[in-house]
Number of protein chains: 2
Amino acid sequence: MSAPIKVFIIDDHPMVIEGIRGLLNGEPGIQVTGSATDAFAAMEFLKAQTADVVLLDINLPEVSGLDLCPELKANFPDMKILGLSTFKERSFISRMISQGASGYVLKSVSQEELVEAVRQAYRGKMYLSMEVAQIMVQPEPASAPVPMLTSREKEILALIAEGLTNNQIAERLFISPLTVDSHRKNLLAKLEVKNTAAMIRIALEHGLI
Amino acid sequence: MSAPIKVFIIDDHPMVIEGIRGLLNGEPGIQVTGSATDAFAAMEFLKAQTADVVLLDINLPEVSGLDLCPELKANFPDMKILGLSTFKERSFISRMISQGASGYVLKSVSQEELVEAVRQAYRGKMYLSMEVAQIMVQPEPASAPVPMLTSREKEILALIAEGLTNNQIAERLFISPLTVDSHRKNLLAKLEVKNTAAMIRIALEHGLI
DNA sequence: TTCCATATCCCCGAAAAAGGGTATTTTGTG
DNA sequence: CACAAAATACCCTTTTTCGGGGATATGGAA
């Protein structure tokens with residue numbers, strides 16, 4: 001057998017680092033060579049001692065894993081990166097992949113899957129844990145067509161949600177009440193609703209406020 | 001020194017179990033005697049071999065940690081329970097404590113704090129990790145006084161949020177539009193708002209819909 | 001049984017929103 | 001610059017909501 005796969009762990013939770021160490025420990029051909037709890041420390045370590053596979057948490061403080069991923073790729077092109085997170089949000093996963101990650105595993109991953117992910121990543125293949133793969137296979141559930149609102153519309157939407165009337169909003173923004181009403185009508189049209197009540201509900205559901 | 005503190009871990013993520021094992025491993029006077037990934041397995045194990053301190057994840061599948069806590073307390077009154085979770089929601093923490101837990105640690109806890117928590121719990125004291133304590137000290141931010149709505153009011157509120165007018169709601173519920181309007185006015189009064197927009201926002205914020 | 005909360009129904013008038021247009025001025029980006 | 005998108009402003013009519021009352025049944029808790 002050749003030299004063991006050198007694995008580096010980046011996660012702000014000591015518990016997770018220990019957990020991964022435990023799960024990979026004793027696995028033949030895999031060696032955890034180090035860990036870091038933030039982006040800066042990780043870069044420092046890797047400059048001194050490179051790794052084959054990096055397990056990178058998405059939710060790091062300060063510099064997020066999503067931002068760190070391309071940086072790592074730029075500095076260490078041959079290094080494989082595995083995304084790591086508690087959350088199985090589609091957007092996270094696909095963003096991570098598009099940043100050059102070789103896979104994505106959830107923190108709920110089993111020992112076998114984690115080992116497999118590391119091995120596959122090292123071989124240059126993509127690995128998604130079962131749960132992750134299932135999510136990605138689903139054809140983007142009818143895709144919530146997030147309505148495209150202009151900044152002014154969002155502004156007025158927020159004020160409507162606060163309970164202000166067209167006149168009050170007009171005063172607040174130093175514009176004509178008629179203008180506010182125009183925006184309001186555009187909002188109703190864009191959100192495909194017939195009154196304020198539904199407008200606010202849809203807006204909140206889509207995180208537009 | 002007396003017998004070591006026997007620690008049992010309940011968490012559905014193997015990674016977390018390994019992590020805790022790693023953090024407590026080699027700590028004098030503490031011994032991890034077992035672990036389980038679900039409530040049933042935990043009960044089985046503990047019946048055969050009791051523990052001094054249990055680390056119990058809040059977010060278990062099927063039977064949640066919050067529900068399991070009082071059960072454990074009922075079956076093993078002397079056993080100390082430490083809540084464990086990723087989330088630092090006030091409600092979770094206080095509910096766990098009121099269920100008889102001896103403390104609450106986040107999964108972001110440091111090795112030192114985890115050890116301290118286990119030791120304190122074993123001595124019958126309450127231990128909250130730094131971050132948790134900080135949250136609990138804050139005087140419940142003005143506490144959102146959740147408005148008391150009747151079932152009929154909630155029903156009508158939901159229909160309003162769907163975008164129905166008083167007339168449409170009246171038809172749907174086989175009552176007079178005037179009655180719907182009465183309920184609507186009561187809703188405005190109870191939620192202390194002046195129009196539908198604010199009503200829907202407040203309702204959604206409070207999870208009333 | 002008495003009382004209170006809930007649910008029901010009604011009136012009026014004023015205010016706001018909705019439906020359906022049109023039109024001018026910024027402003028941002030190719 | 002040119003062009004499109006965004007923001008601004010206006011008209012008229014109808015519908016809906018809001019603010020302010022008041023009134024009657026009904027069912028459960030004290």
Side-chain angles (χ1 to χ4, degrees), chain A residues 67 70 91 95 98-99 143-209, chain B residues 143-209:
Chain A
D67 299 332
S91 59
R95 276 165 68 192
S98 68
Q99 298 286 354
S143 74
V146 185
M148 256 273 295
L149 301 187
T150 70
S151 61
R152 195 56 153 178
E153 281 165 354
K154 277 188 248 177
E155 195 177 359
I156 282 164
L157 179 57
L159 293 174
I160 293 172
E162 276 186 32
L164 302 190
T165 67
N166 286 345
N167 283 315
Q168 291 170 323
I169 295 171
E171 275 184 42
R172 183 87 69 98
L173 300 181
F174 306 108
I175 57 179
S176 159
L178 296 163
T179 304
V180 179
D181 198 52
S182 287
H183 287 303
R184 187 184 210 113
K185 284 169 184 170
N186 287 332
L187 284 166
L188 290 174
K190 284 191 182 180
L191 299 178
E192 295 173 326
V193 292
K194 303 187 91 66
N195 60 36
T196 307
M199 181 170 81
I200 299 298
R201 181 180 54 81
I202 298 286
L204 286 171
E205 278 174 5
H206 286 52
L208 294 170
I209 302 179
Chain B
S143 76
V146 185
M148 253 274 292
L149 301 186
T150 70
S151 62
R152 196 57 155 176
E153 281 163 354
K154 276 187 246 177
E155 196 177 359
I156 283 165
L157 179 57
L159 293 174
I160 293 172
E162 277 187 32
L164 303 189
T165 67
N166 287 344
N167 284 315
Q168 292 169 323
I169 295 172
E171 273 183 45
R172 183 85 69 98
L173 299 181
F174 307 106
I175 57 180
S176 160
L178 295 161
T179 303
V180 179
D181 197 54
S182 286
H183 287 302
R184 188 183 209 114
K185 284 170 182 171
N186 286 333
L187 283 165
L188 290 173
K190 284 191 181 179
L191 299 178
E192 293 173 330
V193 292
K194 301 188 91 68
N195 59 37
T196 306
M199 182 171 82
I200 300 297
R201 182 179 52 81
I202 298 285
L204 285 170
E205 278 174 5
H206 287 50
L208 294 169
I209 301 178

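None of the values given here were measured: they were computed from a predicted structure. Just so it is clear: chains get the letters A, B, ... in the order the sequence lines come, proteins before strands, and each one is counted from 1. Reckoned from all heavy atoms, side chains included, excluding hydrogens, waters and symmetry mates.
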Review point. Through what angle, rounded to 10 degrees, does the axis of the helix from C:dT1-D:dA30 to C:dG30-D:dC1 turn between its ends, using five pairs per end?
Key: 60°
Set of side chain to side chain donor-acceptor pair (under 3.5 Å) partners for [X], sequence neighbours left out:
X	answer
B:N166	B:D181, B:R184
A:Q99	none
A:E162	none
B:K154	none

Check your understanding: Can you list every salt bridge (charged side-chain N to carboxylate O under 4.0 Å, His left out) pair that touches residues 194-204 of chain A, not counting sequence neighbours?
Key -> A:R201-A:E205
Exercise for review: Start with the C-alpha distance between A:K190 and A:T150, add both sets of side-chain angles, then the distance that settles side chain to side chain contact (heavy atoms under 4.5 Å, CB included), and finish with yes or no.
Suggested key: CA-CA 11 Å; A:K190 284 191 182 180; A:T150 70; 4.0 Å; yes
Going from [atom1] on [X] to [atom2] on [Y], what distance comes out if it is rounded to the nearest 0.5 angstrom?
X	Y	atom1	atom2	answer
A:T196	A:L187	OG1	CG	10.0 Å
A:I156	A:L149	CD1	CG	11.0 Å
B:M199	B:L204	CE	CG	10.5 Å

Where do [X] and [Y] come nearest, in terms of heavy atoms and distance?
X	Y	value
A:I160	B:A197	O-CB, 3.1 Å
A:G163	B:N195	O-ND2, 2.7 Å
B:N186	B:E153	CB-OE2, 3.6 Å
A:A203	A:L157	CB-CD2, 3.7 Å

Review point. Quick one: salt bridge (Lys or Arg N to Asp or Glu O under 4.0 Å) partners of A:E192, sequence neighbours excluded?
Key: none
Check your understanding: Reading DNA chain C 5' to 3', which nucleotide is the first, and which the last, to come under 4.0 Å of any heavy atom in chain B?
Key -> C:dT6 to C:dC10
Review point. Base, sugar-phosphate alone, or nothing: which one does A:I175 contact when heavy atoms must sit under 4.0 Å apart?
Key: sugar-phosphate
Practice item. Would you mind classifying the nucleic acid contact of A:T179 as base, sugar-phosphate or nothing, using non-hydrogen atoms under 4.0 angstrom? Key: base
Review point. Along DNA chain D, 5' to 3', what are the outermost nucleotides having an atom less than 4.0 Å from a heavy atom of chain A?
Key: D:dA6 to D:dC10
Practice item. Using heavy atoms and a sub-4.0 Å distance, could you list which residues of residues 158-173 of chain A are near DNA chain C? By number, please. Key: A:T165, A:N166, A:N167
**Study point:** Interface residues of residues 181-199 of chain B with DNA chain C (non-hydrogen, below 4.0 angstrom)
**Key:** B:S182, B:H183
Expected list for residues 168-178 of chain A: side-chain donor-acceptor pairs under 3.5 angstrom, two or more places apart:
from	atom 1	to	atom 2	distance (Å)
A:Q168	OE1	A:T165	N	2.8
A:S176	OG	A:L178	N	3.0

